[in-house]
Amino acid sequence: MEEKEKKDIFESVWSFLASVKLAIGVFIIIALSSIIGTIVEQQAEPAKNIALLAKFFGDSAAPSVYNVFAKLGFMDMYRSWWFVSFLIIFSINLIVCTIDKFPKTWRLVKNPLRPLPENVLKTLPVKKEVKFKTHLNIAKDEFVNILNSSRYKFLESKEENSVQLYSQKGKYARFGFYIVHVSIILILVGAIIGARFGFTGFLNLPEGQVSDMAFSQDGKTIPLEFSVRCNWYDTKYYEGTDTPMKFQSELTVIDNGSEVMKKIIEVNSPLKYKGITFFQSSYGMVPNAVGTFVLDITPNGGQSTKVQLRPGGSFEVPGTGIRGTVVNFSPALTQDRNTGALTTYSDNMVNPGVAIQFSIPGMQPFTGWVLKRYPETGALPGGHSVKFADYQGVEYTGLQVSKDPGVIFIYIGSILMAIGLYVAFFISHKKIWINLAHESQGGKGPVRVTVGGNTSRNRLAFEKEIEHILSKASEAIEGRSKK
């Protein structure tokens, strides 16, 4: 009696976990909560999400709604215990459902196809009947040829005055949904692993500096177990505009004191090392930073020389007696159209310019602005030139630093899902029986051909396939009868 009760409890739990209702319910909860998790910015500053919620609930209610959402874990939802728990329940449901249904499907696939009586063929969903004035063997030969050309591996059953050909294709398509189940489980496992053992952080790394850690949204340090250095940062703009075309950084990875990797990263070209990915996400100026000016000095007809100067530094154009001194800098220089005054209109290096005081033999000293994006501004009398190449050490590259050890499961799961969906929805399990018999006893009279079949999906296409087989067989049989 006790064993019976235990068995009933086990069966009840098993049935509950294999329930389609459970799958639908959990899936709806995951979907609805994911919508909220997509709208609110995860791990963001409270002010950002309060401003976002104010658009939906108004300024007065937004802080209260934020507090409710924050207590429920929606601000870091994908790492919350309850969201991960629903993913685990959904995975268990799929596993139990698969274990519960798979043996039945396996038996259906492994059971051999058997011949059917002619009267049963006429009850199948797809059925046709035609007659040919020919001999049974001729009709059989032509149907065998058509089945072979249609890639049906057929079996044959003979009786005294009849023969039946029967075959099936795509029987393994029944496993398509199980492949989809496995793919979903892999994706969920990858998501759980990524949420529990991965991280997403940020690092604003000034040019020339090294860091062995990143930072989470709440300011906590994330050790990297190696160091990364920003060699330089640069922004390219569309010609004649201040719209960034691309921004990029050169990073060097230093592991155990050795430089092991160097790469120029862009928005869609990150650097990956030891499972950690560095994405180019932002940029900016380091507050109160004093950098190094890089100038290309070229005398008329001579070789270009690169010089590096601190503010106030001087240089000489070789062989000309021309001297220059860096006296000012603007990250974004423009000229007022009304007053003609030069002004700075941005804190970022949108249109950087360096003011140089020139001393040229035979001329009064003067100060000119040389703009980085407009090299022609560095032309000097006599065909000499000064080019503003860079101002190093004053910008930082904004990096998103992430690690997701579960991503390999997600990749494999995604590939399996594509395969499973293709098998499940585009491959049909088709069965066909072709019975051939003389209408009269003793092998006399026309040959009556009865075709029956069924398919798991796309019945219309299957009917056209059977009509094609009958049409080709008719042409071949009539052709042999005329000879």
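Values below: all heavy atoms of this structure, side chains included; hydrogens, waters and symmetry mates excluded. FYI, the numbering just counts along the sequence from 1.
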Any carboxylate oxygen within less than 4.0 angstrom of a Lys/Arg side-chain nitrogen, looking at [X] and [Y]?
{"X": "Lys472", "Y": "Glu142", "value": "no"}
{"X": "Glu250", "Y": "Lys263", "value": "no"}
{"X": "Glu439", "Y": "Lys131", "value": "yes"}

Identify all side-chain donor-acceptor contacts of residues 183-209 below 3.5 Å with residues at least two apart in sequence or on another chain.
from	atom 1	to	atom 2	distance (Å)
Ser183	OG	Val180	O	2.6
Glu207	OE1	Gly393	N	2.8
Glu207	OE2	Tyr233	N	2.9

| query | For the residue pair Trp82 and Phe86, does the interplanar ring angle fall in the parallel (under 30°), tilted (30 to 60°) or perpendicular (over 60°) class? | reply | perpendicular
| note | So side chain to side chain donor-acceptor pair (under 3.5 Å) across residues 394-413, not counting sequence neighbours, yields Ser249-Thr397, Gln280-Thr397
Please table the atom pairs, donor to acceptor, closer than 3.5 Å between any side-chain atom in residues 90-99 and protein atoms at least two apart or in another chain.
from	atom 1	to	atom 2	distance (Å)
Ser91	OG	Leu87	O	2.9
Asn93	ND2	Leu17	O	2.6
Asn93	ND2	Ser19	O	3.0
Thr98	OG1	Leu94	O	2.7
Thr98	OG1	His181	ND1	3.0

| message | Show me the pairs that pass salt bridge (charged side-chain N to carboxylate O under 4.0 Å, His left out) and involve residues 77-88, at least two apart or across chains. | response | Asp76-Arg79
List the atom pairs, with distances to 0.1 Å, where a side-chain N or O of residues 281-289 and a protein N or O form a donor-acceptor pair under 3.5 Å, not counting sequence neighbours.
from	atom 1	to	atom 2	distance (Å)
Ser281	OG	Gly398	O	3.1

Please list every donor-acceptor pair under 3.5 Å in which a side-chain atom of residues 413-421 meets a protein atom from a residue at least two apart or in another chain.
from	atom 1	to	atom 2	distance (Å)
Ser414	OG	Ile410	O	2.7

| task | Flag this pair as yes if the NZ/CZ of Lys169 is under 6.0 angstrom from the six-membered ring centre of Tyr152 and inside a 45 degree cone about the axis; otherwise no. | result |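 That pair qualifies as a cation-pi contact.
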| field | Any side-chain donor near an acceptor of the partner, Thr252 and Glu259, under 3.5 Å | value | no
